[in-house]
Amino acid sequence: MSTITAETPLTDTHAHGEHHKPNWFFHYFWTYDHKMIGLQYLWTAFAFLFVGGALAMGVRFQLAYPGHVVPVIGRLLPATIAVDGAIIPAGYNALVTMHATVMVFLVVMPLVIGAFGNYLIPLKIGAGDMAFPLLNEVSYWLYVTSGLILMSSFFCPGGAPASGWTAYAPLSAVGAYNHTQMGQSLWCIGIFINGLSSIAGAVNYITTIVNLRCPGMTMFRLPLAVWALFITAILLLLAVPVLSAAGALLFFDLNFGTSFFKPGGEGQPLLWQHLFWFFGHPEVYIMILPAMGLVSEIIPVFSRKPIFGYKAMALALAAIGVLGFMVWGHHMFVSGMSLTMSAAFSVSTMFIAVPSAIKTFNWLGTIWRGSVQFTTAMCFALGFVSMFIIGGLSGIFMASTPVDLFIHHTYFIVAHIHYVLFGGSLFAVLGAVYFWFPKMFGRMLNERLGIFHFIMTFVFFNVTFFPMHNLGLGGMMRRIADPTIYEHLAQLQPLNILCTWGAFGLGLSMIPFFVNIFYSIFYGPKAPNNPWHATTLEWTVPSPPGHGNFAVTPTVYHGPYEYSVPGMTKDYLPQNEPAPEGIHLEAH
Amino acid sequence: MFRSFLRFTLVLATAFLLLATAAHAETHTTNLYWAPQNATVGGEKIDVILNSIFVLTTVVFILTQAFLIYYLVKYRRREGVKAQYSHGNNKLEVVWTLLPTIIFIALVIWSNRTWHELLQSPIPPDALEVQVVAYQFGWDFLYPGADGKLGASDVRLITPDNKFGQDKSDPAGKDDFTSAEFVIPVNKVVHILLRSRDVIHSFYVPQFRLYQDAIPGRTISWVRFQTIRTGNFELACSQLCGAGHYNMKAKIRVVSQEEYDKWFAGKAQAHAAAAAASATESKDQNLVQASEHK
Amino acid sequence: MTTAELTHDEVHQGATPSTARFGMIMFLLSEAMLFAALLITYTVLRIGHPGDWPPHGAPDLRVRFPLTMMNYVMIINSFILISSSFTFHWVEVQIKKHGKSGLFPLLVTIALGTVFLCVQGWEWSHLYEEGMWFSKEMYGIYGSCFFVTTGFHGMHVFVGLLLLIWCFLRQVCFGSFTQKHHVALDNVGLYWHFVDGVWLVVYTLFYII
Ligand code: HEA
Ligand code: HEA
Ligand code: CUA
Ligand SMILES: [Cu+2]
């Protein structure tokens, strides 16, 4: 990479001068700086990724070798998970539940929203910080608190909650049915606090994006990542309180003898499902939209080409946001909900696939006639597009009501989940780490190791999760601790073993990533301000940016993706530079 | 760097093929995606849609991935070649918005018509009606006796002593008998009344292409199916329902009409005998237990 | 001017007044969804409820003629809460228009809020004595919904009261709110009006329909 010196004279000084030297505690643990808060989120979420990943390894081990003693750590596991080193069925349910809870609430959301949202929003819109820095830090600590509470459930009497991340009542609502009353209660509390954290974050993001844009930064000049985070924050704001309310009601059912979700003429088990999925479906888009935004930042840079169809991309995000609130019933086609409602939700579900299609085609259009550079970040972004297509297409099967009659609650769904969440969200996050690492830490990551990491992840990801489509169509139910006891599944066991070894490989492929990160933070080559020759505002300030971000408030003159403008000598035009004399920028 | 990208794609493809064939050699299923062979009329309709979506998505998959890879190869960075400066094309946007929309509308109309046909059309009056009750962790079946009619019942009447919520005052229910396995005459429409005693369970038989949750406190009365071949199947609970969920199954035997009649006669007789015995004890509640112990 | 100065003052807190107000409104939207979820839960359970409503023997909360003592109490209590919104408005007029301290109407607002909470506490204990409580055995979801919803609302009133008291103390000790400076007061006001508004919906659903 060639070195770029500061484009503008302002970038060298820390905006806030030197009078601001907080001690290490206030620097790392209680800070109002959005960048440090973003990094706090990043590290904490990566720590939880190990927890969630380790739980997944337990799940996979049990599925491949049901009843076998877990090697090495088996005898260390708590009695609610394993007896004599072998995972017990109730323990398996707890592992699955906690795996998903950790991955969704403590890994993917904090990564895409907490880490990258915090780090990028103010930098990309030319603001000094978030609108409410204190609230921002409070939000982070609420997240940590919720994580600790959820973790503590492993050690409470009865063990961790075991009714799935969807916590369907009345199983989840009656201690006598689930035998994990305390764990389930802790789950409710953890989710509630996590919700507070999300809402605080959402308020902050929306306010910041609406009010703190620098001069010239109109809504249609926002980078798509900011657009995506904006829509995401709106979804969070409106969806999360519903889960909080439902979680509180579930808590009362468990502990105070209320009967909101208990049957017997009074409460309604399906009400829980409606409340949960009214949150749950927007939730899955909450996890994918920022990822789409991050990818939309990376692809134009390494194609050296403006994003294809900027407005269509932004509007598609908004459309997903709106439609996202109308499709929750597709999780309940065969739940006992009215059949006519199922049919109606099937219609809206099909429609919500359209904006995703628009996005996919526009990514392809961006690469078309570009000049593609295969950096690690780009490989992950392309991997995202490729894997998201697979995950999205499997969604079409399930959106068809009669087909869902066959594949509901099978491993086909599990395959879908992981293609959109791992192949989608997590790939985007990994790409984003490779992309913004130079900005965050002022050092370059090793590209060779990066490509190696990408290839391992990509291969093992597919080995792990592709066969799950076949397992699902072969009739394998979700959340069963031992598939071999079913005749039609015993013969599919080789596939399960294949998935498991793929999963181990996937776990191992995280090693080069973390080696790379920890090596490069200290010994990587120093990063210039703008290593990728990108156009958005964060690349106009030093790496890492100083406190307060911009020494002088930037002014924005045009859209965010002006690459390869004809007639210019350099092939990119940062947002804070007006087009040179005589150069005409195409409207987007 | 690009070389390694190509190399890895090749490695990936071969690895995939090898693994797929290896795994396939060990399975004994009949179709491309290794779904168990279908056994119901409704399943045939579902399979047609499934196959069509498979074709549709395969085409979309191949096209999109092919374009992706083709572009990546064709437009990889080369000295002196500059990217084209373009912000998009509104005509294209319209095309690729409308095209999927049309496909989806067609698909959803077809799907929902089949959905209606499978679950919402009138049930033939000669259907065999069976009450299926799920509990932590097993299944009970209640068959109509010689009169071919299930007696009246209500979920609210379900108690530990009255496991099917039978209305004991209804004479039509006197000859209803219970079974621990689900025996079905082939080619006959079976209509099930699905209930649960505790938490949500689900009635799932992959060969029947059928899934339905059983909700405590409610009766699901729209599930029906018509088998097309005899065989032994497993009824699996596919909704997480507690520690024993993984093992909550029941035997399903789809048998010829003659075999069914034989089984039915045996069951009905045993029930009548048990009923007579308990009548002498004149203890109502033993009725269910007696037939249970049979 | 740096962006840091643009968006915050030196202590890195306190966004500009309009930004703070915007943020508060966003937060209240979220709160509205919380209450919407609770009220929809109530509506769904009530519509699906078999048998009498209220369940046989349970105290009837609703306004029905001839009015009971409880009806009168809760009508008056509602007026008390609603009037506290007006007294708060009076605070704002005093401070913003007339440049006064607004301490007296603020005190009245706090008093009205406190009275509301006390009366509600009394109503709860009264209902408890009549055999109604959270749990299923005590009139089932009728009680559960009522106590949970009014409980959530009461908690919000309580938080609002704390905020009002905080404003009051700041005004007494530091004279924080003046014609020019009244951001915090404005936002507390938004919250207080919101909580009152929610009560109107709760009252309609539980006490009238
Ligand atoms: C990031 C998360 C994410 C995303 C983006 C999606 C996207 C979609 N999901 Fe998914 N979904 C989940 C996460 C996600 N899902 C999770 C976690 C569950 C399980 C929850 C649980 O039970 O635990 C689930 C479950 C789930 C179900 C319930 C299944 C069941 O339980 O039986 C359904 C049913 O309709 C569904 C549908 C869809 C559809 C139609 C899309 C669409 O948005 C996809 C649109 C994308 C494309 C279609 C691909 C690109 C488009 C083209 C290339 C254009 C051309 C295409 C055609 C013409 C076909 N999802
Ligand atoms: C949100 C994102 C997300 C992510 C990233 C993952 C990642 C993984 N998931 Fe997860 N999963 C879900 C979300 C996610 N999952 C959800 C929502 C469900 C539904 C749950 C439910 O039914 O309630 C689910 C369910 C689910 C199941 C189904 C269980 C069942 O129904 O019975 C399985 C089974 O294979 C599985 C496996 C995996 C594996 C192998 C990974 C791997 O990708 C993980 C790889 C690990 C890492 C990348 C981290 C690195 C860790 C290590 C290096 C640790 C090393 C330690 C050892 C090897 C001991 N998941
Ligand atoms: Cu019953 Cu699972
Ligand atoms: Cu969904």
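So that the names make sense, note that chain A is the first sequence line, chain B the second, and so on, each numbered from 1. All figures in this text were calculated on a predicted structure; none of them were measured in a lab.
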Checklist entry - So which part of B:Asn89 gets closer than 4.5 Å to some heavy atom of chain A, the side chain, the backbone, both or neither? => result both
Checklist entry - Looking at A:Pro269 and B:Ile215, what are the two nearest heavy atoms and their distance? => result CG-CG2, 4.0 Å
Item to check | Sequence neighbours excluded, every pair satisfying salt bridge (Lys or Arg N to Asp or Glu O under 4.0 Å) that has a member inside residues 107-119 of chain B | outcome: B:Lys45-B:Glu117
Item to check | Under 4.5 Å from a heavy atom of chain A, the part of B:Ile220 involved | outcome: side chain
Checklist outcome for this item: Honestly, the part of B:Ile103 sitting under 4.5 Å from a heavy atom of chain A is neither
Next on the checklist: Please classify the contact of B:Tyr204 with chain A as side chain, backbone, both or neither, using a heavy-atom distance under 4.5 Å.
Outcome noted: side chain
Item to check | Contacts of type side chain to side chain donor-acceptor pair (under 3.5 Å), residue B:Glu93, not counting sequence neighbours | outcome: A:Asn362, B:Trp96
Item to check | CZ on A:Phe361 to OG1 on B:Thr97, rounded to 0.5 Å | outcome: 9.0 Å
Checklist entry - Non-hydrogen atoms of chain A under 4.5 Å away: do they reach the side chain of B:Phe54, the backbone, both or neither? => result both
Checklist entry - CG/A:Leu405 to OG/B:Ser111 distance, rounded to the nearest 0.5 angstrom? => result 11.5 Å
Item to check | Nearest-0.5 Å distance, OH of residue B:Tyr85 to OH of residue A:Tyr561 | outcome: 14.0 Å
Item to check | B:Arg218 side-chain N/O to A:Gly336 backbone N/O, donor-acceptor pair under 3.5 Å | outcome: yes
Next on the checklist: Pair A:His408, B:Gln239 - check side chain to side chain donor-acceptor pair (under 3.5 Å), show working.
Outcome noted: CA-CA 10 Å; A:His408 180 65; B:Gln239 181 64 270; 5.0 Å; no
Item to check | Closest non-hydrogen atom pair between B:Tyr246 and A:Tyr486, with its separation | outcome: O-OH, 2.8 Å
Checklist entry - Side chain, backbone, both or neither: which part of A:Asn178 has a non-hydrogen atom closer than 4.5 Å to chain B? => result neither
Checklist entry - To the nearest 0.5 Å, how far apart are CD1 in A:Ile407 and OG in B:Ser238? => result 11.5 Å
Item to check | Toward chain A, the part of B:Leu68 with a non-hydrogen atom under 4.5 Å | outcome: both
Checklist outcome for this item: Applying a strict 4.5 Å limit to non-hydrogen atoms, the region of B:Gln136 in contact with chain A is side chain
Item to check | Segment of A:Ala162 engaging chain B (4.5 angstrom heavy-atom cut-off) | outcome: backbone
Checklist entry - For B:Gln84, is it the side chain, the backbone, both, or neither that has a heavy atom closer than 4.5 Å to a heavy atom of chain A? => result both
Item to check | Exam field: side chain A:Asp482 to backbone B:Asn247, donor-acceptor pair closer than 3.5 Å | outcome: no
Next on the checklist: Restricting to non-hydrogen atoms, name the atom on B:Lys82 and the atom on A:Val565 that form the minimum distance, rounded to 0.1 Å.
Outcome noted: NZ-O, 3.5 Å
Next on the checklist: In the structure I gave you, are the side-chain heavy atoms of B:Ile105 and A:Phe351 within less than 4.5 Å of one another anywhere?
Outcome noted: yes
Next on the checklist: Is B:Leu240 in contact with chain A via its backbone, its side chain, both, or neither, using a 4.5 Å heavy-atom distance?
Outcome noted: both
Next on the checklist: Quick check on B:Trp222 against chain A: is it the side chain, the backbone, both or neither that has a heavy atom closer than 4.5 Å?
Outcome noted: side chain
Checklist entry - Are there more than 12 heavy atoms of other residues, nucleotides or ligands under 6.0 Å from atom CZ of B:Phe137? => result yes
Next on the checklist: Please check this pair: side chain of B:Lys249 against backbone of A:Ile485, looking for a donor-acceptor N/O pair closer than 3.5 Å.
Outcome noted: yes
Checklist entry - Does the pair B:Gln65 and A:Ser386 meet the rule for a side chain to side chain contact (heavy atoms under 4.5 Å, CB included), with working shown? => result CA-CA 7 Å; B:Gln65 308 282 352; A:Ser386 180; 2.7 Å; yes
Checklist entry - Once you round to the nearest 0.5 Å, how far does CG of A:Leu492 lie from CH2 of B:Trp34? => result 8.0 Å
Next on the checklist: Just by distance, no angles: are the side chains of A:Glu586 and B:Ser86 close enough, under 3.5 Å, to form a donor-acceptor pair?
Outcome noted: no
Checklist entry - For B:Leu92, is it the side chain, the backbone, both or neither that has a heavy atom under 4.5 Å from a heavy atom of chain A? => result side chain
Checklist entry - Do B:Trp115 and A:Ser342 come within less than 4.5 Å of each other through their side chains, counting heavy atoms only? => result yes
Checklist entry - Counting N and O atoms only, with roles assigned by atom type, does the side chain of B:Tyr211 sit under 3.5 Å from a partner on the main chain of A:Thr410, one being a donor and the other an acceptor? => result no
Checklist outcome for this item: Distance col, row B:Gln212:CD vs A:Phe333:CZ, nearest 0.5 angstrom, shows 13.0 Å
